Amino acid sequence: MFELLGIPPQALFGQLLLGLINGSFYAMLSLGLAIIFGLLNIINFTHGAQYMLGAFVAYLLLQYLGVGYWGALLLAPIIVGAFGIVLERLMISKLYHLDHLYGLLLTFGLALILQGLLRNEFGISGLPYNIPSQLSGGQNLGFMFLPNYRGWVVVASVIVCFGTWFMIEKTRLGAYLRAGTENPTLVGAFGINVPRMITLTYGFGVALAAFAGVLAAPIYSVNPNMGAELIIVVFAVVVIGGMGSILGAILTGFGLGIVEGLTRVFYPEGSSVVIFVIMAIVLLVKPAGLFGRTA
Amino acid sequence: MADAMLQERRDANTQGALLKVSNLEGWYGESHVLHGINFDVRQGEVVTLLGRNGAGKTTTLKAIMGILGKRKGSVVFDGTELIKLPARAIARLGVGYVPEERGIFASLSVDENMMLPPQVKPGGMSVEQIFELFPNLKERRNSQGTKLSGGEQQMLAIGRILRTGAKMILMDEPTEGLAPVIVQQIGRTLEWLKRDGYTIVLVEQNFRFAASVADRHYVVDQGKVVDMIPNEDLEANMEKLHAYLGV
Ligand SMILES: Nc1ncnc2c1ncn2[C@@H]1O[C@H](COP(=O)(O)OP(=O)(O)OP(=O)(O)O)[C@@H](O)[C@H]1O
Ligand SMILES: [Mg+2]
């Protein structure tokens, strides 16, 4: 067996995989935030709660309707996305003409309410959600053991992230979205229904968070605080990547997950703060973020 | 052929105005900018709005298009009152907009910019026809929209509207800051559009250009229309116009 810098490969690759898994969630969540911020100009503080809702909807679908993992992976994003659309229509849309701060306060408040309600109902000890039978077990790769489900999470998130990137950067629909992000007034003056586009975009960003939540359910236990803990790191990721860049959000998400994993190997004490240290440095050196466009 | 065209024009006259703007007022926030704009445009006419910087020409076009925050009065287009409609509904009635800042999207390629405005009426030009009209654009289809020269961006801003089938076009200073050859090319385009029956409301600072394409000129000053001069009377009214425009 070989060793790298005195670290056994099992530990190194184990942490790298863990980093990649975390990075998958960072990427999916910061991607949704970036899309929403681009078109709606609000920082969606409810994003973490919507991720958590995705996991809860998966849990409830199983408990009460017998809908399993694969069904939930499809249904939970639709259900939570629809809930997002209702939120946007009834509340968020009333704030577009006001300062950003109001959107932030509203979405932050909504997150607290959602978490509080679920904590009341389900407590904080966490509910179990099983790995689907098709993905139980794992592969011995020689240098490490890869649990199938974790491999699937990385693959699924790469597909969803780059599928979303492709849709936004390379299709007709994406061109509307990019144009609307740049100059919604002119897009409206061409006859395009911008308010509807905004609503659907919000729904899509929220659905993405819920999808990540379902992926997370078998890894982390389903509990009301799961989003609140994650979202703080995701906001740091977004700041580092630069608000509003789609590819930037994806690459920064995966990249920082890996950096975090490596830090856990080489300097474990620093692993919980490394992302925030990077954020501080980026803010000092390149305030618009690594991929951000300077205004 | 000529008879038919004359007849058509006479019919248009008896039908009255395609666009009728009455007592149009407009605001940016609290600031009251339009104080009662009145003018009308007949089917197939090219009409200019002339006026000093800050007179309210751009604001008038925005108010017609429905993208000014607060507006009141009346704007009737093809028999429909627009004043309460959102911009997208106005566009869907067949009003095209070529903004002063051209509005080319940096995150879209030339092709994507071209395809962005949806078709609102039948009978728009095909992309191939538009590229025939503006061959420069064709060579740069895959470039980023804002990498084009100023003149090319202007052609793109006009070209993409021609695809939509809009039959009335609001054009805000299409020649601003462009080289004389490009101005000529845009002039030829406008003549061609006019022959094709388009109705055009043109904001212009370039006098000679305006005179070469327009049927009538409205003079805007401090948020009001203060005069109307038919193109054939332009020479005779030069002195008056210079006084209005402060040139
Ligand atoms: N976004 C805005 N907010 C506030 N005031 C504005 C805004 N845009 C224009 N104005 C003001 O409204 C008035 C009319 O401006 P407008 O742009 O309509 O003039 P214009 O006739 O198009 O001038 P120009 O020939 O310079 O383009 C001016 O006094 C201008 O300062
Ligand atoms: Mg102007």
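Protein chains get the first letters and strands the later ones, always in sequence-line order, with residue 1 at the start of each. Model, not experiment: these values are computed from the prediction.
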Starting from the C-alpha separation in whole Å, work towards a yes-or-no answer on side-chain contact (heavy atoms from CB on, under 4.5 Å) for B/Tyr97 and A/Leu186.
CA-CA 9 Å; B/Tyr97 181 47; A/Leu186 186 56; 4.0 Å; yes
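- Around the NZ atom of B/Lys147, the shell of radius 6.0 Å holds no more than 12 heavy atoms that belong to other residues, nucleotides or ligands.
- The greatest number of non-hydrogen atom pairs below 4.5 Å with chain B, out of A/Val187, A/Asn193, A/Thr185, is found for A/Asn193.
- The number of heavy atoms from other shown groups lying within 6.0 Å of OH (A/Tyr102) does not exceed 12.
- With chain A as partner, the option from B/Gly103, B/Ala106, B/Gly66 having the largest number of non-hydrogen pairs under 4.5 angstrom is B/Ala106.
- Residues A/Glu182 and B/Phe105 come closest through the heavy atom pair OE1-CA, 3.4 Å.
- Using a 4.5 Å heavy-atom cut-off against chain A, the contacting residues of residues 85-95 of chain B are B/Ala87, B/Arg88, B/Ala91, B/Arg92.
- The part of B/Pro99 that comes within reach of chain A is its side chain, from C-beta onward, which places non-hydrogen atoms under 4.5 angstrom from that chain.
- Among A/Ala175, A/Gly174, A/Ala179, the residue with the largest count of heavy-atom pairs under 4.5 Å with chain B is A/Ala179.
- Applying the 6.0 Å contact sphere to CZ of A/Arg196 captures no more than 12 heavy atoms from other residues, nucleotides or ligands.
- Residues B/Met65 and A/Ala189 come closest through the heavy atom pair CE-O, 3.4 Å.
- No more than 12 heavy atoms of other residues, nucleotides or ligands shown are found within 6.0 angstrom of CD on B/Gln222.
- Note: A/Asn183 CG to B/Glu101 CD = 7.0 Å, rounded to the nearest 0.5 Å.
- The OH atom of A/Tyr176 sits 11.0 Å away from atom CD of B/Glu112, with the distance rounded to the nearest 0.5 Å.
- Other residues, nucleotides and ligands contribute only 12 or fewer heavy atoms inside 6.0 Å of the CZ atom of A/Phe108.
- Rounding to the nearest 0.5 Å gives a distance of 7.5 Å between CZ of A/Arg178 and OG of B/Ser109.
- Partners of B/His217 according to the side chain to side chain donor-acceptor pair (under 3.5 Å) rule, which considers only residues two or more places apart in sequence or in another chain, are B/Thr48, B/Asn231.
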